[in-house]
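Predicted model, so just to flag it, every value in this text is computed and none were measured. All values below were derived from every heavy atom in this structure, side-chain atoms included, with hydrogens, water molecules and symmetry-related copies excluded. The chain is numbered in sequence order, starting from 1. Start at 1 and go down the list; that is how both ligands and their atoms are numbered.
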Amino acid sequence: MEITGKISEVREQVKEWRRQGLSVGLVPTMGYLHEGHKSLITRAVAENDRVVVSVFVNPMQFGPTEDLESYPRDMDRDAALCEEAGASLIFHPEPSEMYHEDFSSFVDMNTLTGGLCGKTRPIHFRGVCTVVSKLFNIVVPDRAYFGQKDAQQLAVIRHMVSDLNFGIEIVGCPIIREEDGLAKSSRNTYLNEEERKAALILNKALTEGRKLVESGEKDADAVRRVITDKINTEPLAKIDYVEVVDWNTLETVEKIDGPILAAIAVYIGKTRLIDNFIVE
Ligand code: PAF
């Protein structure tokens, strides 16, 4: 497995693979990889001849008060995990390689990005769409892999790929959880012992919500209420949002009569965690 920070070297390598008739998968990440990322890489390795993992903490998707500086980084550990999972190449650029001094072009979206995480993170999806477009243009993969934990991101990227004719298959992969149910996230490392226990409330609340939907409840407000009430039993938890939306449009629904996404963002102490379930 090779590691490079240079766009030109990625291009050359992929060109060589293409010359050999090999298919290429891409797993975009911000590093500090965990079992969730590993499941994406493993799937990509199973479905492609070669796999590129990008490790780049993208400054453009962080708001001014967010955790860009403190976002955890450990390239040695990331490289070991990628190697073990069977990746062929890690692309680990410096911000200056991705954004030259007079960088001024962006990819933005008018739908899907205003609600859920977009409400409190207004520039986030512009940063995600821009960097993912750049990665798609650099690697030109056949398939790219994203986790369902960032369900809004997955929907936004699918929409962007369709709008802009990228011709790349977007593969959504299931949420990977710790044994006690907490969704794996690089940000879990911010939690102290007490907060780590408190964070279990996210999955507990969603489990109650899902049971209600699966028992046939059609009133989306009733589902929101069950999830909200459960989260509010945890003193360390502060709700950012609890939403039940149409899984295709991400519009709030009143009546559940098609595929829905129930998504939550909750602060545990200072750490903002997200989680969700989808009922198709
Ligand atoms: O999900 C992430 O880790 C990031 O948003 C992504 C897709 C790698 C873009 O920076």
Side-chain angles (χ1 to χ4, degrees), residues 5 7 10 25-41 43-44 51-63 66-75 77-78 81-82 85 87 89-99 103 106-109 112-113 116-118 120-139 141 143-161 164 166 168-176 183-190 261 263 265 271-276:
I7 292 169
V10 176
L26 169 66
V27 182
T29 81
M30 297 208 300
Y32 214 71
L33 306 179
H34 49 66
E35 290 298 315
H37 297 108
K38 197 171 180 186
S39 74
L40 304 182
I41 302 168
R43 171 107 181 246
V51 170
V52 181
V53 180
S54 62
V55 175
F56 179 58
V57 183
N58 173 35
M60 199 190 282
Q61 70 191 67
F62 287 78
E66 292 180 358
D67 56 342
L68 172 62
E69 294 310 323
S70 58
Y71 196 85
R73 293 158 168 91
D74 187 341
M75 198 51 214
R77 221 172 114 260
D78 288 351
L81 183 143
C82 288
L89 176 66
I90 296 182
F91 176 44
H92 179 45
E94 289 297 322
S96 57
E97 178 76 0
M98 292 295 275
Y99 302 115
F103 186 88
F106 301 91
V107 181
D108 212 344
M109 192 175 290
L112 304 183
T113 58
L116 305 176
C117 290
T120 48
R121 307 187 73 192
I123 57 136
H124 177 68
F125 288 108
R126 182 169 95 148
V128 170
C129 287
T130 303
V131 81
V132 171
S133 298
K134 284 172 69 69
L135 292 168
F136 286 174
N137 285 332
I138 292 164
V139 178
R143 294 174 201 86
Y145 296 77
F146 295 87
Q148 186 207 298
K149 184 173 147 293
D150 295 294
Q152 185 176 18
Q153 170 172 281
L154 177 59
V156 163
I157 287 171
R158 283 207 168 114
H159 195 75
M160 178 185 83
V161 162
L164 302 182
F166 273 108
I168 294 168
E169 185 189 337
I170 301 301
V171 183
C173 302
I175 299 176
I176 303 294
K184 300 245 182 195
S185 164
S186 307
R187 289 188 168 102
N188 290 349
T189 53
Y190 296 154
L261 162 71
T271 306
R272 185 176 176 279
L273 299 175
I274 57 172
D275 202 347
N276 67 74

Output the list of atoms in ligand 1 that are nearer than 4.0 Å to some heavy atom of [X], sorted by atom number.
X	result
Q153	1 (O), 2 (C), 4 (C), 5 (O), 7 (C)
V131	9 (C), 10 (O)
T29	8 (C)
P28	8 (C)

Roughly how far, to the nearest 0.5 Å, is the [atom2] atom of [Y] from the [atom1] atom of [X]?
X	Y	atom1	atom2	answer
F91	I7	CZ	CD1	4.5 Å
F62	S70	CZ	OG	8.0 Å
L33	K184	CG	NZ	12.5 Å
Q148	Q153	CD	CD	12.5 Å

Going by distance alone, is a donor N or O of one side chain under 3.5 Å from an acceptor N or O of the other, for Y99 and N58?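 Yes, side-chain donor-acceptor contact under 3.5 Å.
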Any chance you could lay out the salt bridge (Lys or Arg N to Asp or Glu O under 4.0 Å) test for D67 and R272, step after step, and finish with the verdict? CA-CA 10 Å; D67 56 342; R272 185 176 176 279; over 6 Å; no
Just need the protein heavy atom nearest to atom 3 (O) of ligand 1, so name the residue and atom and give the distance.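 Closest protein heavy atom to atom 3 (O) of ligand 1: M30 CG, 3.5 Å.
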Nearest protein heavy atom with distance in Å, relative to atom 9 (C) of ligand 1: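 For atom 9 (C) of ligand 1, the nearest protein heavy atom comes out as Q61 OE1, 3.3 Å.
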Checking contacts here: is it the side chain or the backbone of I157 that comes within 4.0 Å of ligand 1, counting heavy atoms only? Could be both or neither.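 No part of I157 is near ligand 1 at this cut-off.
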